[in-house]
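The first residue of the sequence shown is numbered 1, and numbering continues consecutively from there.
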Amino acid sequence: MEKNIPELYGSMVFGDKIMREKLPKDMYKALRKTIDNNTHLELDVANAVAVAMKEWAVENGATHFTHWFQPMTGYTAEKHDSFICPVDKGEVIMDFSGKELVKGEPDASSFPSGGIRATFEARGYTAWDPTSPAFIKDETLYIPTAFCSYSGEALDKKTPLLRSMDAISKEAVKILKLLGKEDVTNVLTTVGPEQEYFLIDKEDYKLRKDLIFTGRTLLGAPAPKGQEMDDHYFGNLRTRVAAFMHDLDEELWKLGIPAKTKHNEVAPCQHELAPIFDTTNVAVDHNQLTMEIMKRVAEKHGYACLLHEKPFAGINGSGKHNNWSLTTNTGENLLNPGKTPGENTQFLLFLSAVIQAVDDYADLLRLSVASAGNDHRLGANEAPPAIISMFLGDELNAVIEAVEKGEYFSNAEKVTIETGAKVLPHFAKDTTDRNRTSPFAFTGNKFEFRSLGSSLSIAGPNIMLNTAVAESLSLFYEKLKDTPKEKMDEAVHELVKETITKHKRVIFNGNGYTDEWVKEAEKRGLFNLKSTPDAMPALIAEKNKKMFIKHGIYSETELESRYEIRIENYTKTVHIESLTLIDMVEKQFAPSLMDYIDDLTQSALSKKELGIKAACAAQTELIEKLAGFYDEVVKATKKLVADTDKAESMDPTLDQAKFYHDVVIADMEEIRKYADQAEPLIPEGYLPYPTYEKILFYV
Ligand code: ADP
Ligand code: MG
């Protein structure tokens, strides 16, 4: 039966069409104004919207509503209230007020607040974000909100994201005014996140404590085959996977999430989904929802969806590509090279702003993608290195070099406009190889930040990016603001030239996976922050604090609290991994190995009794080999137990995180080294959990 996808699309979203239908004209206009121009919303409008929303939600089967927010856990949170309101004689009506729409008061005390709670009031409140549409899921009306403390400190990832969008908009509008673009009142950042994930059998998943508790395998030898044949990438979809993807698309479409592209990825069982880009805060909400719906639809199809950055050692992990650009309210993409000299000038100015931002705040961009999970990917020759650099492509690079030398772009004829200023002719979209090894690549009319881990909320990286670019733009404005109109072109080109000369060290078009680049980057003075603990101090570095405070993104207290939360999150993650590994070794791996050794020993003894010589020497050798691995595993586990105890007793500071990284993780690797050598020697049936071979190749 043919499905009407346009009708299905967004059917569970309180979108523009429904608003127009359900709201009185003046109320609709007022709401539109709030959404489009970020203006304050009056209570009478909120009341009207609440009535319309409730009516629509109830018609579509909703019985409850929830403020939906993004606390510092990195997940989303919700608390459902029903619409019922008692009236006379034990009856109820379905009711929902503007007040309930605009503000909620969840008990905030169990969410991470990193010390803010000690200083401020414990309760928090959620505030409606009218720029991200409400939707219905599980018979509940979901209202996207920001989550703050009573004194206004952000307790979530949404609030600073919205602040950063305001900041970059404000600075970009100022610059555009200088360039004569009077009609632009608002600049939006847009994001299209490509999401990678693994699908494995739910039955396999349920047998692996490591996957259940930590999201990744802590033990496991490679299968005879890995990803070396490149036969999975873009390969045809298995029927069962195709059915999953189809279902997933439809679920996402209902929620107005424009899922567009799906394909198999490099590793076995690995796949990718990319939506069409959207305004950043909407893209963030949609990506959180996408991850949630992926897991849920997977369940329905007998799969477990793994979003961890490195579920399996030795084969590629999963990341997320954050495609990012800037669009004016008049519909112009500011990172589009454009066709006219004027457009070129504007493009080069915004391009320079991004180059400067990435160079000046590389440490923050690096920090924004740091997590215990992503530490296993970055720099491991499957994802960009931990060093943040930019790739511009051959053509744009030639332009940049020409600008720096004060020359025209050599491939094209010289163009001069009235002012006599040197201008650049049109250049085409980059057609060169995308250079997958670069963390931050220009891809025609947007930048692609590729260092993000697959499970990460994309809010953090976009906060950093928006703020750093806002800062470049604000410095540019200071330099340009007193320039007379007729001199502007020339001044901009001077500024572009100066910026490129100063920041070109961050541009690298070569292979980012090589050791030569590591050495070269060091010479250039670029950051190489290898692990999460290495990256952490960037969050509270003086230069970064100053920038955040200047643009109103984070207060000093908020930064300190986020620093604490990040450290705690890291140490807790590694701690859980350690306990899980200890548990698996002590209750599963070691006893299984010993069972096998015992069986072999019994068999050897029986042979001896019967006087059979053949196979005895080989068997004894195997027993000794396995017993040797057993001893090493037990020894390493003892050390892990002791070091984990020690780590746990330390104060929750950066030193503790470093100890977890340097000592506890190293201990875990030591166990794995021996266990993974023993595993292929153990016949099927001894281990109570499935091996890589079973998980990855029998789906
Ligand atoms: P790939 O990087 O795999 O070649 P595309 O370049 O087609 O794929 O797009 C990747 C993602 O970039 C998609 O989610 C797409 O919607 C998004 N994208 C395209 N244009 C923009 C833009 N102006 N701003 C943000 N994201 C964009
Ligand atoms: Mg891409």
So that I can tick it off, tell me whether [Y] and [X] are bridged by a salt bridge, with the cut-off set at under 4.0 angstrom between side-chain N and carboxylate O.
X	Y	answer
Arg32	Asp36	yes
Arg163	Glu558	yes
Lys519	Glu522	no
Lys262	Glu272	no
Arg377	Glu196	no
Asp359	Lys502	no
Lys504	Glu404	yes
Glu520	Arg524	yes
Asp363	Lys543	yes

Report task. Take Lys446 and Asn333, measure what side chain to side chain donor-acceptor pair (under 3.5 Å) needs, and give me the verdict at the end. Result -> CA-CA 9 Å; Lys446 62 188 192 296; Asn333 180 347; over 6 Å; no
Can you tell if the side chain of [X] reaches within under 4.5 Å of the side chain of [Y], non-hydrogen atoms only?
X	Y	value
Pro384	Arg450	yes
Val518	Asn528	yes
Leu188	Ile168	no
Gln356	Val469	no
Asp156	Met72	no
Leu179	Leu349	yes
Val506	Phe440	no
Lys103	Thr145	no

Query raised in the report: For Lys550, does the NZ atom have more than 12 heavy-atom neighbours from other residues, nucleotides or ligands under 6.0 Å away?
Result: yes
Query raised in the report: Are Leu252 and Thr290 close enough, and set up right, to give a side chain to side chain contact (heavy atoms under 4.5 Å, CB included), and what steps lead you there?
Result: CA-CA 7 Å; Leu252 296 175; Thr290 300; 4.0 Å; yes
**Report entry** Derivation and outcome, ring pair (Phe, Tyr, Trp, His ring centres under 6.0 Å), residues Phe347 and Phe442
**Finding:** CA-CA 12 Å; Phe347 165 70; Phe442 183 71; 5.8 Å; yes
Query - Check against side chain to side chain contact (heavy atoms under 4.5 Å, CB included), Glu560 and Ile540 - result: CA-CA 7 Å; Glu560 298 284 348; Ile540 49 168; 4.3 Å; yes
Query raised in the report: So Trp68 and Leu289, side chain to side chain contact (heavy atoms under 4.5 Å, CB included) or not? Walk me through it.
Result: CA-CA 11 Å; Trp68 185 63; Leu289 271 175; 3.7 Å; yes
Query raised in the report: Looking at residues at least two apart in the chain, or sitting in another chain, which of them share a ring-ring contact (aromatic ring centres under 6.0 Å, His included) with Phe69?
Result: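 ring-ring contact (aromatic ring centres under 6.0 Å, His included) list for Phe69, sorted by chain: Phe111, Phe147.
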Side-chain ([X]) to main-chain ([Y]) donor-acceptor, under 3.5 angstrom:
X	Y	value
Asn466	Thr280	no
Glu309	Ser455	yes
Ser149	Glu153	yes
His493	Asp489	yes
Ser169	Met165	no
Ser454	Lys320	no
Thr159	Leu155	no
Thr443	Phe447	no
Thr279	Asn281	no
Asp129	Ala146	no

Distance-only donor-acceptor check, side chains [X] and [Y], under 3.5 Å:
X	Y	answer
Asn509	Asp394	no
Asn287	Gln195	yes
Lys157	Gln70	no

Requested in this report: Apply side chain to side chain donor-acceptor pair (under 3.5 Å) to Asp16 and Tyr28, showing your working.
Outcome: CA-CA 9 Å; Asp16 193 69; Tyr28 169 76; 2.7 Å; yes
Requested in this report: Step by step, work out the salt bridge (Lys or Arg N to Asp or Glu O under 4.0 Å) result for Lys158 and Asp285.
Outcome: CA-CA 9 Å; Lys158 189 73 172 280; Asp285 287 357; 3.0 Å; yes
Query - Derivation of the side chain to side chain donor-acceptor pair (under 3.5 Å) call for Lys181 and Thr330 - result: CA-CA 10 Å; Lys181 286 245 157 92; Thr330 51; over 6 Å; no
Rounded distance [0.5 Å steps], [atom1] in [X] versus [atom2] in [Y]:
X	Y	atom1	atom2	value
Leu101	Trp128	CG	CH2	4.5 Å
Ile257	Asp278	CD1	CG	10.0 Å
Phe476	Glu498	CZ	CD	8.5 Å
Leu364	Met547	CG	CE	5.0 Å
Ser352	Lys497	OG	NZ	13.0 Å
Ile553	Thr467	CD1	OG1	4.0 Å

Query - Smallest separation among heavy atoms of Arg366 and Thr532, with atom names - result: NH2-N, 4.3 Å
Query raised in the report: Mind checking whether Phe508 and Trp517 have ring centres under 6.0 Å apart?
Result: yes
Query raised in the report: What orientation do Phe135 and Tyr142 show, parallel under 30°, tilted 30 to 60°, or perpendicular over 60°?
Result: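 Plane angle under 30°, so parallel.
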Query - Check against side chain to side chain contact (heavy atoms under 4.5 Å, CB included), Val187 and Thr327 - result: CA-CA 6 Å; Val187 170; Thr327 309; over 6 Å; no
**Report entry** Working for salt bridge (Lys or Arg N to Asp or Glu O under 4.0 Å), residues Lys170 and Asp166
**Finding:** CA-CA 6 Å; Lys170 197 176 109 204; Asp166 279 350; over 6 Å; no
Report task. Dump the intermediate steps for side chain to side chain donor-acceptor pair (under 3.5 Å) on Asn323 and Glu194, then the final yes or no. Result -> CA-CA 8 Å; Asn323 294 273; Glu194 301 163 60; 2.8 Å; yes
